[in-house]
Structures are given as structure tokens and as C-alpha cells.
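What follows is a short report on a single structure.
Lettering follows sequence order; numbering is per chain, from 1. The figures here come from the full heavy-atom set of this structure, side chains too, leaving out hydrogens, waters and symmetry mates.
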There are 2 protein chains.
Amino acid sequence: MPMTTPDVRFLHELASAAEKMTLEHYLKPHVIDIESKPKEGFRFDPVTSVDRDTEMCLREIIGREFPDHAIMGEEYGASGESPWQWVIDPIDGTRPFLCGLPVWGCLIGLKKDGIAVMGMMSQPHTGDRFWSDGKQSWMSGRQGEFPIRTRQSAELHQAILHTTAPESVALYKGNNFSALQDKALMTRYGGECYAMAMLAAGHIDICVEYSLQPYDIVPLIPVIEHAGGVVTTLDGGRAEDGGAVVASASEKLHRQVLDILNG
Amino acid sequence: MPMTTPDVRFLHELASAAEKMTLEHYLKPHVIDIESKPKEGFRFDPVTSVDRDTEMCLREIIGREFPDHAIMGEEYGASGESPWQWVIDPIDGTRPFLCGLPVWGCLIGLKKDGIAVMGMMSQPHTGDRFWSDGKQSWMSGRQGEFPIRTRQSAELHQAILHTTAPESVALYKGNNFSALQDKALMTRYGGECYAMAMLAAGHIDICVEYSLQPYDIVPLIPVIEHAGGVVTTLDGGRAEDGGAVVASASEKLHRQVLDILNG
């Protein structure tokens with residue numbers, strides 16, 4: 001019998017299915033059929049058959065349990081109409097997946113009436129999972145399972161700033177990213193969804209990404225928000241539709257960051 | 001009784017000691033006493049008490065087993081005089097260590113008469129280890145233990161290029177890194193020593209780092225070379241002294257890369 005309300009157990013079920021499928025191909029050369037999708041500012045944007053097969057598998061599990069829910073995924077677009085919409089990216093960070101760098105993740109989010117209410121990021125190689133049930137945010141992995149909080153006390157001059165690709169920064173005209181860099185403690189690159197999860201877990205203080213799709217951010221919004229963080233678009237609106245997205249460890253820091261970036 | 005010749009078992013013993021000490025503090029906020037060392041091009045170069053304590057522990061184990069050997073480490077410099085020199089970095093990538101991004105590693109290398117002959121990179125959070133006994137290179141972790149090879153077949157236009165920080169690229173005057181980027185398939189950032197290990201394992205094809213210390217690269221040289229890769233300074237010499245260092249998946253690719261960077 002289908003469940004009536006999605007719960008955290010179901011997020012783990014989806015993540016476990018994706019984990020099995022992606023790990024089978026991770027660090028295995030020559031078996032991935034790499035294609036390239038066009039993407040602004042990048043010469044090559046990879047998609048693999050693992051991305052597609054994993055999304056199909058997740059769609060089947062969701063369809064079985066919640067046949068009335070809508071689904072949006074990276075590889076197969078949007079289907080169904082419902083106040084409940086699952087928003088999934090089977091492999092967020094196909095590039096680090098191909099490079100063997102364990103900062104990619106399986107992203108599973110759930111929106112209700114347009115607002116992200118539950119979400120999970122699962123990194124199969126490390127075994128780390130980060131999720132929110134809509135009340136609290138959690139991490140589990142080799143160090144056990146525990147609630148996570150952003151670093152509320154971080155001042156701008158002590159803040160660790162992250163963005164995945166310098167190429168994306170250069171694309172976004174009129175932004176003041178370098179002014180933000182000058183004020184923060186240090187800048188890291190290349191962390192993909194794992195960096196957003198680490199913001200929720202209190203180890204990174206500011207994440208700026210200039211060209212996200214909805215499935216890149218919806219699953220992370222509840223994880224960040226229920227850990228005490230703030231995530232909005234660059235102009236301060238809800239981030240569910242993606243675009244230029246900023247996440248910060250606290251409300252105070254977030255206001256400063258938006259002021260600088262929009263200054 | 002001290003061993004007469006260092007072996008792989010001893011590398012694992014050192015890595016296990018470092019693993020225990022570093023994991024105790026990884027992902028734990030507020031317990032790390034962060035200091036900053038000056039470093040060209042960066043406003044902040046962190047060192048933690050975990051770095052220092054772990055190096056001291058490794059020095060003690062080496063000193064007990066090989067009292068006549070010399071040691072060079074990131075935190076306590078060079079000590080002893082011997083044709084055998086251990087070259088260690090307890091936490092290569094203190095920045096990703098602080099950010100919770102699992103691309104830092106414990107690096108343990110051994111030089112004989114100035115040449116790197118054995119080495120290991122251990123990533124405690126993922127449980128991955130990459131090493132060479134001076135004959136073959138190996139990886140172990142959640143996917144088992146297996147010999148690794150670089151991607152010998154990679155042509156330049158298919159190559160995945162990595163460098164840790166765009167800031168370092170900008171520092172090195174007169175280099176043609178952007179010309180190399182234009183010819184390669186894609187560029188990744190932020191991978192630290194884990195990216196060099198993934199070059200040895202066949203998932204990244206070119207690594208360029210502009211300002212390495214000996215302890216950043218000596219432990220990785222045997223792992224890359226005995227996996228079929230090539231690693232030299234930008235001017236083509238041995239890389240044991242660090243500086244601007246280039247690693248490539250094959251001899252042919254390496255020649256092309258050096259030509260472009262020096263062109």
C-alpha cells in the first residue's frame with residue numbers, strides 16, 4: 001500500500017537505490033558512455049548513461065510509492081501535476097564523478113506548493129548523507145549520525161567562501177565576487193553539492209553558485225534552512241527555481257554577502 | 001628489532017596512525033586551533049594543531065623503526081642526515097580539511113639518494129589509500145584493493161585537466177595555462193593531493209600545480225610513475241624539490257603539455 005506522506009525513511013530508500021547504481025560505475029574506466037550537453041561558458045558538460053539509468057530507477061520507485069506526485073529530474077525533465085513535486089538529480093557533479101573526486105552526490109528533494117520541504121544529499125563513495133525532514137537537519141556517515149548546524153558565529157572576515165567553478169563567476173556580469181573574496185578568509189573551488197552540505201554542517205560559511213538548475217538546489221534548501229542557514233537567489237528571493245544562488249551560515253552574514261555581491 | 005628495509009606494510013602503519021589522529025578532529029568544529037602561515041598569493045594559509053601533533057607522531061614511529069634515517073616534514077622541517085629521507089605531510093590540504101571536503105590526505109614518501117622511491121596518499125574519511133612499493137601502484141578502499149594505471153590512451157582534446165587553485169595559476173608569470181585549458185576537454189579545481197592520486201588511478205589526465213613544497217609531491221611521485229604516468233617540474237626536471245610541477249597520464253601527453261605551458 002502506498003505511503004500517504006513522504007518521510008525520511010523513503011529519502012534513504014531512494015538514496016540507497018541510487019548509491020548501488022552509481023557505485024557500480026564509479027572509478028571504473030571505459031564503461032561510461034560520456035556525452036556532452038551544451039552549457040553556457042563550458043566547452044563540455046558531461047552526462048553519462050549512469051545519470052540516466054539512475055534517474056529512471058528513482059522515478060520508478062517514486063511512481064510506485066506516490067503515483068500522484070509530480071517529478072522533475074535532470075535527465076528526463078518534468079512529469080505529472082501535483083502540489084507535491086519530487087526534484088531529483090541522480091548525479092549532481094558528473095564532472096567530479098568522472099574525475100574520481102568524491103564531492104558529487106545524489107540529490108533528492110520534495111517541494112509542496114512550490115516550496116522545498118524535504119531533501120537529501122547522499123555521497124555514495126564516502127557514505128555520507130545529509131538530509132532534512134523539514135524540522136531538523138542531519139548528517140550520517142563514518143562518524144555516526146548527528147544533527148547539524150551552520151556556523152552561526154562566523155563573521156565575514158573569518159568566513160570560508162566556496163564556489164564550484166571560476167568559469168561561472170566570470171560569466172555573471174556585474175557581480176562583485178572578487179570584492180567578497182577580498183573580505184572573506186579564504187575561497188575554495190570544486191566542491192559541488194558537497195560544499196553546500198558542508199555549509200549546513202558548519203564547515204563552510206558562504207556558497208555562491210551562478211547558474212544552478214532547480215534540481216541542483218531544491219534538495220539542499222531544506223538541509224541548509226533547517227540547519228540554521230539561509231539560501232536565496234542573488235536578488236534575495238526563494239531559490240527553488242535556481243539561477244544565481246547564495247547560501248550563508250546566518251541571516252546576518254547573508255545580508256552582508258548579498259549587499260557586497262549586489263553592490 | 002628495527003626493520004632493515006622499509007616496506008609497504010610500514011607505509012600502512014604510518015597512514016593508520018595518522019588516520020586515527022586526523023579523524024578524531026575532522027568535522028569537529030571549535031576544537032582546532034587555527035593559525036595562519038604566510039604564503040605567497042593567499043591571504044590565509046592555515047595550519048592546525050592536528051597537523052603538528054600528527055607529524056610528531058609519524059616522526060616518532062619512523063625514528064623508532066629507522067633511527068638512522070633523515071626526515072623532512074611540513075611542520076618541523078628537516079632533521080637527520082642519511083641517503084634515506086622520509087618526506088611527510090600529515091595533512092596535505094589543510095584548507096579542505098577545515099572545509100570538510102574529503103580531498104585532503106596524509107602524504108608519506110621515502111627518498112633514496114635524492115630520488116622518490118616509495119610513497120602513499122591516505123584519505124582517512126573515504127578510507128582510500130594510494131601507494132607504490134617502487135614497482136607497481138595500488139589503490140585500496142571501499143571498492144577493494146587493486147593495481148592502478150594512468151589513462152595511457154588519453155589524447156589532449158579528451159584530457160581532464162586539474163589544478164587546485166586559480167589563484168596559484170595567476171601567480172606564475174609567463175605561463176600558458178589558459179592555452180592548455182583551451183585544448184583540454186575540461187578543467188577541475190580544488191582537488192589537492194586527491195587529484196594527483198586520481199591521475200595515477202586513470203581518472204584525471206593532467207595535473208598542474210604552481211607552488212608545491214617537496215612534501216607536497218615526493219610521496220606522490222612513485223605512485224604516479226609506477227602507474228605509468230610522468231611527473232616533472234615545468235622545465236622537465238625531477239620534481240622532488242617541488243616548485244611548479246606537472247603530472248600527465250603518458251609520456252606523449254606530458255611532452256605536449258610542457259610544450260604548451262612553456263610555449
Over all atoms of both residues, closest heavy-atom pair of His125(B) and Tyr194(A): NE2-OH, 3.8 Å

Best-contacting candidate, Gly190(B), Gly141(B), Gly127(B), Ala195(B), against chain A by heavy atom pairs under 4.5 angstrom: Gly190(B)

Stepwise side chain to side chain contact (heavy atoms under 4.5 Å, CB included) check, His203(A) with Leu101(B): CA-CA 9 Å; His203(A) 304 284; Leu101(B) 297 173; over 6 Å; no

Heavy-atom contact with chain A under 4.5 Å, split by part of Leu199(B): neither

Exercise: identify the closest heavy-atom pair between Val103(B) and Pro102(A): CG1-CD, 4.4 Å

Full working for side chain to side chain contact (heavy atoms under 4.5 Å, CB included) between Gln181(B) and Glu167(A): CA-CA 11 Å; Gln181(B) 286 189 288; Glu167(A) 294 90 338; 4.1 Å; yes

Ion pair check, Glu19(B) and Arg142(A), cut-off under 4.0 Å: yes

Residue among Cys99(A), Pro166(A), Gly100(A), Gly191(A) with most heavy-atom pairs under 4.5 Å to chain B: Cys99(A)

Note, Arg188(A) side chain near Leu98(B) side chain (heavy atom, < 4.5 Å): no

Asp205(B) portion near chain A, given a 4.5 angstrom heavy-atom threshold: neither

Spacing of OH belonging to Tyr189(B) relative to OG1 belonging to Thr163(A), to within rounding of 0.5 Å: 11.5 Å

Proximity breakdown for Gln158(B) and chain A, heavy-atom pairs closer than 4.5 Å: neither

Side chain to side chain contact (heavy atoms under 4.5 Å, CB included) between Arg95(B) and Ile160(A), worked out: CA-CA 9 Å; Arg95(B) 289 154 187 272; Ile160(A) 297 179; over 6 Å; no

